[in-house]
Structures are given as structure tokens and as C-alpha cells.
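Written below as C-alpha cells is the structure these notes are about.
Counting starts at 1 for both ligands and their atoms, following the listed order. All residue numbers in this chain count up from 1 along the given sequence. For clarity, every value in this text was computed on a predicted model and none was experimentally measured.
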Amino acid sequence: MRHIVLRAALACAAWWGLAGCGRTVPADGELAVIPQPASVGLAEGSFLLSARSPIVVGMEGAEPVARALDEVGEALFGRPLRRADSPAAGAVVLRRDTALAGEAYALTVSPEGIDIAAGSPAGAFYAVQTLRQLLPPEAFGAGDVRRAEIPCLTIVDEPCMRYRGVMLDAARHFFTVDEVKRLLDILALHKINTFHWHLTDDQGWRIEIRKYPRLTEFGSVRTRTLIGRDPGGEYDETCRFDETPYGGFYTQQEIRDVVAYAAERFITVIPEIEFPGHAVSALASYPWLGCTGEQYEVRQTWDIDDRVYCPGKETTFEFIENVLAEVAELFPGPYVHIGGDECPMTYWKGCPHCRARMRSEGLTHWRQLQNYSTARLERFLNARGKQLIGWDEILEGEVTPTATIMSWRGTEGGIRAARQGNYAIMSPGTYCYFDHAQAVGEGEPLSWGGYLPVDKVYAFDPCAGLTPGERRFILGVQANLWTEYIADFDHLQYMLLPRLSALVETAWSLDRKDWDDYRRRVDRLRRLYDACGYNYARHLWAE
Ligand code: TNX
């Protein structure tokens, strides 16, 4: 193969009249794409992509794809690629092929150029991400190569799951707009199509809500932060705190900016506004939201908190619906996540408003008070054209047939949801919690607990225990980055990579998973990580 490539490359270079001028980066000779494409057919020869290769946008809505190619041009040659109106020799052509499904693509590299046919611009975007992995990784970031060699081939590819997500908890620790954008770049490279943004929690409210300014003026800052492992409720003098006030939030303008940046990468953003639990930052801002009306501080430690919204009072629903109305406006995607996890009912049981609500609604179990609230918020969101997602706790008691379940306490919630006809996203702690340690030993940063090495991530089967009929209800999978112990973006990348590359083979190429082959391919991918300057768990590879 190698000599064929070389011969063709020389022929190509001669054809371009460029032989001998400038630096040419040779192709690797070995194909290594993650996630593994559905079919790869190698052909003889290679194509030399150069700064003179034009892009032909022959598909409506594919401008963002052309801009993604521009980024490739900038990384390789130090400048974007130019546009041409009609296919010419050496061009990269983007065109629609109605025979292909929405996210599917066919990428053909021949000595004459690159042809990208796709069912939609999203498919073409994924073809570009594949292309990036076919280019010599060393060339990325150099910005001064003249030509980059790509082997001739045809790749036909499409994902097996329609939901491929990553969640970022921006509440426990805050990540700037720039960092979120860099995260979105990483997700795009891995063909992730959903970014779940956890925006509120006990330790901080991170999204500007015009109607309730105290949420960000007051609720976005905690006066200090626990350092070290959380003892779970017992906070005595042995606990150490960083006494620096910690805060941050996104303005509505910044949210719009991130949503647009994600859309350019064919990533839908799902906002999460926690209700009725994980709410201390909201209650600290507006004490009337809680059962007792007491003034709280924004939480400074982790773990679960008893202080939750009061679903007995109408004013609580007025508040959360006003918040969700602004949120629904900001995020054009189909989903709004309302949390729903880990909601203790301690305060409800002693609250006259909650008791009155139980009576007036004819509820007999306390958990039904949460079911009542979820159903009410779902009606509100549906009326605004949105669908509700909640963590699997919303299945306790009863759930409406139309809510989507995010299964985190194992896959049981997702299985139960699928059996009763609710859509589900599989994100079990056992395989998808990237806040757990990926290695043991000295030098490993403090993590939440749990051990999730990359081979375990790879082994995840989200459809185990489901009949083919039930599998239809599994929309996909998601990795979760909870950030109690992840305080900066470098550390965040370390926790994410390379585990994300393992998970995406489940989301995109489940039937083609092969651990040994993945190991070979990820070795190539990490050189692209290096070239892009991403931080990852390097020690997982023997040099
Ligand atoms: C459980 S997963 C939580 C989070 C924590 C996480 C730590 C879920 C819905 N709730 O509040 O950050 O565990 O792994």
C-alpha cells in the first residue's frame, strides 16, 4: 500500500507542478478513524490537499461545513480554503445525496479531489471530521505545510444512534464561554451531536434570567468551597475550605453565542434547570421558593441537600415557569432538561403548603408530589413546543408517557422506560461517569469515587437486556462530566479524553466494536489530540 501511495503522490505532485517546492507531509499509510466507519474501501493512489484546493459548496445549508474545512486549511496551511462555483480539479465538493440518511455521508478521495456526498449538512460535517483523521496529524497546528497527502478511498458511514451526548456540569465549577467552545470543538471531532449543559445546582446558578436578577447577582456566588473529599453531611473542623468566593454565570447573550457556536458544529444544546432538588442556589436567592422561607447561603460543600423547592406554593410554579419560558426562548433545540434527581422530601413532609397540595390533588405518596410537579412542567414546556427530559428519578411513582428519561442509576431506568414506551438516554454511572477515576495510582487527581477505565467505557452495551422492539426507545448514550472535583479546563479534558473516543464507538459504531483495533486507532487519534493541543490521559499509552 505504502509504495502505491508514494508513486501516486509523486504523480500527483508532478501533475500539480509542485514537485520540489515546499514541505509535503506524507500520509500515514494506515487508516485509523474513530468512530470506526461503516465501510472503508481503499483505492490506489492519493490526493494532495493544498492551500489551492477550492471548496465547492453544492448543498444548501453546508456553509458551516465549508467553514469547518476552512479551519482545516488554517491549521495546515495557515489560511482558509477558497471557494469555487463548479467542480474543478483538486476541489473538495460538498453535495447532497438524497439516497443517504440525515447524518450519513459518503467520502470519496481520488487523485482528482475529494467528493463529500451526504444526506444533510450534518452528514457532510461528519465527513469532514473523518477527513481530519485521515490527514497527517503532525501537519495540524503547523500552519505552514504546502500539501497534505490523503490516501484514495471511499468511506460510507452513518451513526447507529441518533443521540450522542456529553454533559458538562457548569454549576459546581464554572467554565468560561471560551472553554465551553473549546469543549464543543472536542465534541465535534468525536461526532457528538448533543451538548447537555447543567446550568443550576446547589452550589451555583449559572444562567442569567432577566425576570429574577438575584439568581445570578446572589445565587451564582458561594462564599467558599470545600477542598478534599466530601464527608457527606458531617462538616466539622477537620474540613478544609478554600475561603475565596467562587462564582460565574453566563449572560443571555453568551448563551446565544454558545448555542450558535454549537449549531455551526451540528450540536444541539440541552439546558438543564434542576427542579425540585439541587436548588439551594435558587432558594438562597429567593427564600420564598423553599418550604420554610428561611434565608440560606449558596452551598459550599457537595453531596445531596434536603433544602428543595416547595411544590405546595403556587408562587414556586410561577417562578419556575417564568424561568423555563426564558430558557425555552434561548435554546432552539427540542429538549429542556428539568433534572429531577436526588430530591429529598424531608421538608415537604412538614410543610403546610405541601400537605394542602397533597390533599387538593388527591395524592397519597410524597413522591407523587414530584410526579405532579414534573407533569405540570411538562405541560408548560409542551405548550412552548419543547419536550421534557428528566433523570430517572422521575420514573418513581408515575411518569407521563411523553417524558424522556435519562438513565443514570445503572441502565435499569432506561430499560423500564423503554418497556413502558418512554424514550430513554443511557448514561449509567457504571460506564458513562467521566468524573470517576480512569486509572489508579500516584498522580491521579482526586475524583468523585468509582473507577471507570477506558476499556470499561468501551465495553458498554446500552441495549443489553432489551428486545429489538424495546431498543427503538433507546435514543442513545451520554457521558457526564460532573465537576465537584474538576476545577479547571485542563483537568476536564484529562477526564474526557480518551474515554470519549471509547464511548463514541458505542454511539456511532456499536456493531463494529473491536477493542484491539480501537487501541490501534486511538493511538493515531491521540496524535491529533497532541496537534490540537488537547490534554488527555497520556499515561494510558505505553510510549
Ligand atoms: C449524582 S447523576 C448526581 C450529581 C453528582 C454526581 C456525582 C445525577 C443526576 N446526580 O449531582 O454530581 O452524582 O457523580
Side-chain angles (χ1 to χ4, degrees), residues 165-175 194 196-206 222 225-226 228-233 246 270-283 298-309 335-344 367 370 374 388-396 399 403-414 416-417 424-438 444-452 456-457 460 477-487 491-492 495-496 499 503:
V166 168
M167 186 213 76
L168 170 68
D169 167 10
R172 272 57 176 273
H173 281 100
F174 180 72
F175 295 86
T194 310
H196 168 179
W197 208 357
H198 184 82
L199 288 163
T200 70
D201 215 306
D202 299 316
Q203 297 81 6
W205 185 283
R206 306 274 174 242
R222 55 178 181 262
T225 302
L226 180 74
R229 200 165 287 290
D230 194 307
Y246 184 92
I270 298 181
E272 181 184 352
I273 306 294
E274 281 267 20
F275 190 91
H278 286 281
V280 177
S281 61
L283 271 55
V298 177
R299 192 173 165 127
Q300 306 146 359
T301 54
W302 317 120
D303 216 353
I304 301 173
D305 206 299
D306 282 342
R307 298 166 297 176
V308 304
Y309 286 102
Y335 291 111
V336 173
H337 199 308
I338 56 102
D341 58 313
E342 300 179 326
C343 180
R367 191 53 78 200
Q370 180 170 355
T374 309
L388 176 143
I389 305 189
W391 297 109
D392 60 48
E393 280 91 336
I394 69 169
L395 279 171
E396 286 169 22
V399 71
T404 299
I405 309 301
M406 202 167 259
S407 190
W408 73 278
R409 297 175 300 175
T411 52
E412 290 77 10
R416 209 181 122 197
I425 294 146
M426 292 297 201
S427 188
T430 35
Y431 293 98
C432 296
Y433 270 43
F434 290 3
D435 58 334
H436 296 182
Q438 60 194 317
E444 273 305 305
L446 177 66
S447 61
W448 180 262
Y451 175 51
L452 180 57
K456 185 158 183 207
V457 176
F460 178 36
V477 300
Q478 176 170 293
N480 291 339
L481 283 163
W482 297 103
T483 59
E484 288 94 334
Y485 299 112
I486 304 176
H491 186 181
L492 190 88
M495 301 306 272
L496 184 63
R499 288 188 286 194
L503 186 68

| request: Compare every heavy atom of Arg299 with every heavy atom of Asp303, then report the nearest pair and how far apart it is. | output: CB-NH2, 3.8 Å
| request: Tell me yes or no: between the side chains of Asp341 and His278, is some donor less than 3.5 Å from an acceptor? | output: yes
| Polar contact flag, side-chain donor to acceptor under 3.5 angstrom, Glu342-Trp391 | no
| request: Check whether the side chains of Gln203 and Arg172 place a donor and an acceptor atom closer than 3.5 Å, and report yes or no. | output: yes
| task | May I ask you to check if ligand 1 and His436 share an N or O to N or O distance below 3.5 Å? | result | no
| request: Just go through Arg172, Glu342, Gln203 and tell me whose heavy atom is the nearest to atom 1 (C) of ligand 1. | output: Glu342
| task | Quick one: look up the protein heavy atom nearest atom 9 (C) of ligand 1 and list residue, atom name and how far away it is. | result | Asp341 OD2, 3.0 Å
| Which option, Tyr485, Trp391, Tyr433, owns the non-hydrogen atom nearest atom 2 (S) of ligand 1? | Tyr433
| task | Just jot down the ligand 1 atoms closer than 4.0 angstrom to any heavy atom of Glu484, in number order. | result | 5 (C), 7 (C), 12 (O)
| For ligand 1, which atoms have a heavy atom of Asp435 less than 4.0 angstrom away? | 7 (C), 14 (O)
| query | Any idea which atoms of ligand 1 are less than 4.0 Å away from a heavy-atom of His278? | reply | 11 (O)
| message | Set out, in order, the CA-CA distance, both residues' side-chain angles and the distance that settles ring pair (Phe, Tyr, Trp, His ring centres under 6.0 Å) for His337 and Trp197, then state yes or no. | response | CA-CA 9 Å; His337 199 308; Trp197 208 357; over 10 Å; no
| task | Determine the sole option in Val399, Thr404, Ile394, Val336 for which the side-chain contact (heavy atoms from CB on, under 4.5 Å) test with Leu388 is passed. | result | Ile394
| request: Please say whether Asp201 places an N or O atom under 3.5 Å from an N or O atom belonging to ligand 1. | output: no
